[in-house]
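Here is the structure we will look at.
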Amino acid sequence: MSTALGRSSPDRPNVLITSASRKVLLVRAFQEAQRRLDGAKVLAADVSRWSPALYEADEIVDLPRTDDPGFVESLVRACADERIGLVVPTRDEELPVLAGARQRLADDGTAVLVSPPAAVTTCRDKVMFAAAVEAAGLDTPRIFPTRDVPLPAFVKARIGAGGRGATVVTTRDALEAARAAILATGNEPVVQEFIDGPEYTVDVFIDPDGRAISCVPRERVVVVAGESVVSRTVRDPGLRDAVLRLCAALGLMGHVTVQAFRSPARMAFIEINPRYGGAAHLGFEAGAPTPEFAIRSARGERLEPRLDDYEADLVMLRYADDKFLRSSELGGEVSG
């Protein structure tokens, strides 16, 4: 059975969240969406049986690592066996693989909530992303060459999630140490202008036809280890319009997480993670339930844009929770 990219087969109502890890709230959000629709299942996969989100899902799917040569075919079989019509990737490293497998899965009737390969590549590569922002006529922190770097500066890895190994440096020794640490991981360091100002995240949902359905900006009020633990929704038409312009220029699809510095004097885009972010639940609660949008659009429903239909000044305070299981409930071989 063949279906258009981004559309699922009618006989595949279930959802699979891959690399589920600790994304318990995301599993719950998709379960709530399924209950509002027709009560279909939400399944989860992760290579580690220590992942709490697995035990929140309706069922667990066993898949090999994304870098396993048999990953795609294993996923295709699982989608057929479990009637999975929508796959939701959540980890940066799996995005290129699943973006490349979109057509293979679509041919069998399963949509993948992922942007096209070129858009994923651009978002993961900090140098390419900066060039794309400038090509769209927007601002981004300046990237400095190897020498003559004004301090303080921001150092991060060129490929992948920007928060890993990212650090602010204030001395030449610290700059060289940060570069060396990133090089030791096999990545390339990128040195950028340091901007000290309010940081915002914008959660956007774009349907398979490239139409923006929702757009919820939120201020990152308190950030710990790169994760926003206190956030507040805001109404900012200028930021909204710039974000939508950038997403369209990149050809993004699905739920994407845009990060920018925003002050009265400047709006500078830092990065885009073309997937769900850790604090996306604030947008759901504010009035943009993108898990439901994802399921409905994958099933072929044409959604009406509701870009400003959310509650502003809604504050989210994030905290950890605990889940208790007996070893016998973990199932299978437990690995780290």
Side-chain angles (χ1 to χ4, degrees), residues 5-6 89 92-93 95-96 98-100 102 113-150 153-164 166 182 187-218 220 236-277 305 307:
L5 279 174
D92 291 281
E93 289 79 5
L95 296 179
L98 287 168
R102 289 165 78 230
L113 194 68
V114 68
S115 295
V120 169
T121 298
T122 299
C123 289
R124 283 175 50 78
D125 186 312
K126 303 303 180 292
V127 175
M128 291 180 64
F129 176 75
V133 173
E134 292 177 354
L138 298 167
D139 189 16
T140 188
R142 179 185 171 195
I143 294 178
F144 298 115
T146 303
R147 298 178 181 177
D148 301 324
V149 175
F154 196 72
V155 184
K156 58 186 176 183
R158 175 170 178 169
I159 304 297
R164 296 177 189 174
I182 292 173
N187 215 318
E188 178 185 337
V190 172
V191 183
Q192 285 188 313
E193 168 190 8
F194 172 69
I195 300 177
D196 186 15
E199 189 176 347
Y200 290 79
T201 294
V202 186
D203 292 298
V204 187
F205 185 81
I206 302 163
D207 75 4
D209 296 321
R211 299 162 58 244
I213 303 301
S214 64
C215 181
V216 181
R218 50 185 164 88
R220 290 160 58 91
D236 187 333
L239 180 58
R240 175 203 62 204
D241 292 347
V243 165
L244 297 181
R245 176 177 167 185
L246 180 57
C247 289
L250 292 174
L252 292 164
M253 194 207 87
H255 185 110
V256 300
T257 307
V258 184
Q259 290 185 265
F261 288 108
R262 171 64 157 150
S263 69
R266 189 175 185 187
M267 184 193 309
F269 289 94
I270 311 165
E271 66 179 15
I272 294 180
N273 293 316
R275 55 166 174 76
Y276 281 100
L307 299 177

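Being a predicted model, the structure only gives us computed values, none of them experimental. Heavy-atom basis, side chains included; hydrogens, waters and symmetry copies ignored.
In terms of the side chain to side chain donor-acceptor pair (under 3.5 Å) criterion, residue partners of Gln259 (sequence neighbours excluded) are, by chain and number, Glu199. Shown here are the side chain to side chain donor-acceptor pair (under 3.5 Å) partners of Asp139, two or more places apart in sequence or in another chain: Arg266. Remark: Asp209 pairs with Arg7, Asp207, Arg211, Arg302 by the side chain to side chain contact (heavy atoms under 4.5 Å, CB included) rule, at least two apart or across chains. For Arg158, the salt bridge (charged side-chain N to carboxylate O under 4.0 Å, His left out) partners at least two apart in sequence or on another chain are Asp125, Glu188. Qualifying side chain to side chain contact (heavy atoms under 4.5 Å, CB included) partners for Val114, counting only residues two or more places apart in sequence or in other chains: Pro89, Leu95, Ala99, Arg102, Val112, Val120. With sequence neighbours left out, Glu134 forms a side chain to side chain donor-acceptor pair (under 3.5 Å) with no residue at all.
Checked by atom type and distance alone, the side chain of Asn187 pairs as donor or acceptor with a backbone atom of Ile159 at under 3.5 Å.
Of all heavy-atom pairs between Lys126 and Glu271, the closest is CE-OE1, 3.4 Å.
Residues in residues 247-267 take part in these ring pair (Phe, Tyr, Trp, His ring centres under 6.0 Å) pairs, two or more places apart or across chains: His255-Tyr276. Residues in residues 245-262 take part in these salt bridge (Lys or Arg N to Asp or Glu O under 4.0 Å) pairs, two or more places apart or across chains: Asp236-Arg262.
Side-chain contact check for Val127 versus Ile143: some heavy-atom pair is nearer than 4.5 Å. With a 4.5 Å cut-off on side-chain heavy atoms, Arg218 and Tyr200 do not count as touching.
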Below 3.5 Å, can you tabulate the donor-acceptor pairs from side chains in residues 246-254 to any protein atom, sequence neighbours excluded?
none

